[in-house]
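Have a look at the structure below, then the notes.
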There are 2 protein chains.
Amino acid sequence: MQQESRRRSNVERSEAMRATLIAAARRLFTEKGYAATGTPELVEAAGVTRGALYHHFADKQALFAAVVESESAAVAAEIEIAAPASLEPVAALVEGSMAYLRAMAAPGRTRLLLLDGPAVLGRSAMDEIDARHGNRTLREGLAAAMRAGAIRRLPLGPLTSMLGAMLDRAALDCETGGGEAEARLVVEALFAGLGT
Amino acid sequence: MQQESRRRSNVERSEAMRATLIAAARRLFTEKGYAATGTPELVEAAGVTRGALYHHFADKQALFAAVVESESAAVAAEIEIAAPASLEPVAALVEGSMAYLRAMAAPGRTRLLLLDGPAVLGRSAMDEIDARHGNRTLREGLAAAMRAGAIRRLPLGPLTSMLGAMLDRAALDCETGGGEAEARLVVEALFAGLGT
DNA sequence: CTGTTGCATACATGCAGCCTGTATGTTAAT
DNA sequence: ATTAACATACAGGCTGCATGTATGCAACAG
């Protein structure tokens, strides 16, 4: 009956352990933040010991990075569903932006990805992660809109970076009471203002 | 000769001690970040003991908040010099924005105010500080431009917040090699796009 | 094909060092 | 004399590592 859990290949064991640790870490990091979450509490929530943690991850920060990577990918996936390439360029930008705001409304995501992430991993490391996920979708949307002549031609890197930061901030504002509708007004006005 | 430093009123002693601690803290927090700066090292750099620190500040976080408050005020002062009310509204917005970027180029300021600040003090506390300093100047500039009919009427709170975040991000990008000239292009385009 | 032998991997436990916050002691101002 | 300003000593917790143990795995012998 417990034969499957006893007789398990090493790679299965490792993957299961990593998943368990990442799941527990995501829960605690999103609920209490990075600094307030200790590794003793973390492994106790996961039902394992600190030995397992430090076997699979170099340090607490590496586990945090794994959680950030995972959540960042989940957010990007939600965006790509809401803003398919079939939409008109500017509409896709607006819809993708709103999908980002909805995705970031998941409890604790803003703290994990926007507050603790940059402070713990540093801006450059977060940029590298973002470039593969959330910001990539925005960059592609902007590039498509420029190619179609729907918005002005501007330096793509800085523009993506700055508009992304604007959306990050909108996600934070939505969480602290700011209405999503008002954010949409501003987003639409800014994208419209970029029109040729 | 040392009479002045021996015979000193208590309020003078306190103010001098607070200033000494804040100065040392600013240096270390900007050089190494909040988490990597320990209070033993901090007081040793200031030439005092930990007793003095915990006499004047509730905890390490409170000292950090004092440093943030001080730097934030300094940045706002630099902006108000560069963007006087005599300028035309949109020009004042652009010049104020560029002054903000230059002010944030001081070593370590971006880490202090944009990375560690939000993570350590929380978004709401940082907002409360910003509302009295950096973001206040932007809000006033936007309100004036709206009153003059130079830009579209949009919800002032969200607009200020999101444009401020955009400038924060531009400051970070400038630090990691991104050219200030490119940032200016984007800033000018966005403000121009807001024009009526 | 099967049992055993040797090694690598996965994990548990215990330890050392550091840091934070507080409680207690001492000096100087009022 | 009383209180404020600071120094010193202490307790608790946390991180990372080093050591110990069990389990999977591969090769070889019989």
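Keep in mind that this is a model prediction, so the values were computed, not measured. Numbered from 1 within each chain, the chains take letters A, B, ... in sequence-line order.
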Output for pair (Leu163(A) CG, Met162(B) CE), nearest 0.5 Å, gives 9.0 Å

Distance col, row Leu142(B):CG vs Leu154(B):CG, nearest 0.5 angstrom, shows 9.5 Å

Rounded to whole Å, CD of Glu44(A) lies from P of dC14(D) at a distance of 12 Å

Taken to the nearest whole Å, CG/Leu53(B) to C1'/dT20(C) is 11 Å

Paired with Arg109(B), the salt bridge (charged side-chain N to carboxylate O under 4.0 Å, His left out) test is passed by just one of Glu31(B), Glu175(B), Glu71(B), namely Glu71(B)

Item to complete: Evaluate side-chain hydrogen bond (donor to acceptor under 3.5 Å, both in side chains) for Arg123(B) paired with Thr176(A), printing each intermediate quantity in order.
Response: CA-CA 9 Å; Arg123(B) 239 310 125 199; Thr176(A) 64; over 6 Å; no

key: Other residues, nucleotides, ligands: >12 heavy atoms within 6.0 Å of Glu44(A) CD   = no

Using a cutoff of under 3.5 Å, can you pull out all pairs of nitrogen or oxygen atoms linking the protein to nucleotides 7-10 of chain C, with atom names and distances?
unit_1: dA10(C); atom_1: OP1; unit_2: Ser14(A); atom_2: OG; d: 2.7
unit_1: dA10(C); atom_1: OP2; unit_2: His55(A); atom_2: NE2; d: 3.0
unit_1: dA10(C); atom_1: O4'; unit_2: Arg13(A); atom_2: NH2; d: 3.0

Phe57(A) CZ to dG16(D) C1', in whole Å, measures 16 Å

When rounded to whole Å, the CD to C1' distance for the pair Gln61(B) and dC19(C) reads 16 Å

Shorter than 3.5 Å, N or O on both sides, protein versus nucleotides 8-10 of chain D: list them out with atom names.
none

Tyr100(B) meets the ring-ring contact (aromatic ring centres under 6.0 Å, His included) criterion, sequence neighbours left out, with none

From CG of Leu63(A) across to P of dT15(D) the rounded distance in Å is 11 Å

- Do Leu194(A) and Leu185(B) share a hydrophobic cluster (ILVMFWY, side-chain heavy atoms under 4.5 Å, transitive)? no

Angle separating the five-pair end axes of the helix from dC1(C)-dG30(D) to dT30(C)-dA1(D), nearest 10°, is 10°

Rounded to whole Å, CZ of Arg8(B) lies from P of dA29(C) at a distance of 10 Å

Within residues 31-39 of chain A, the residues having a heavy atom closer than 4.0 Å to DNA chain D are Thr37(A), Gly38(A), Thr39(A)

| message | Ring-plane angle category for Tyr34(B) and Phe29(B), please: parallel below 30°, perpendicular beyond 60°, tilted otherwise. | response | tilted

Taken to the nearest whole Å, CG/Asp59(A) to P/dC17(D) is 8 Å

dist Leu159(A):CG -> Ile151(A):CD1 (nearest 0.5 Å) comes out at 6.0 Å

Sequence neighbours excluded, the answer for ring-ring contact (aromatic ring centres under 6.0 Å, His included) partners of Phe191(B) is none

Rounded to the nearest 0.5 angstrom, the CG-OG1 distance for Asp173(A) and Thr160(B) is 10.0 Å

d(Met126(B) CE, Glu69(B) CD) to nearest 0.5 Å is 10.0 Å

Output for pair (Arg27(A) CZ, Leu42(A) CG), nearest 0.5 Å, gives 9.5 Å

When rounded to whole Å, the CD to C1' distance for the pair Glu12(A) and dC11(C) reads 17 Å

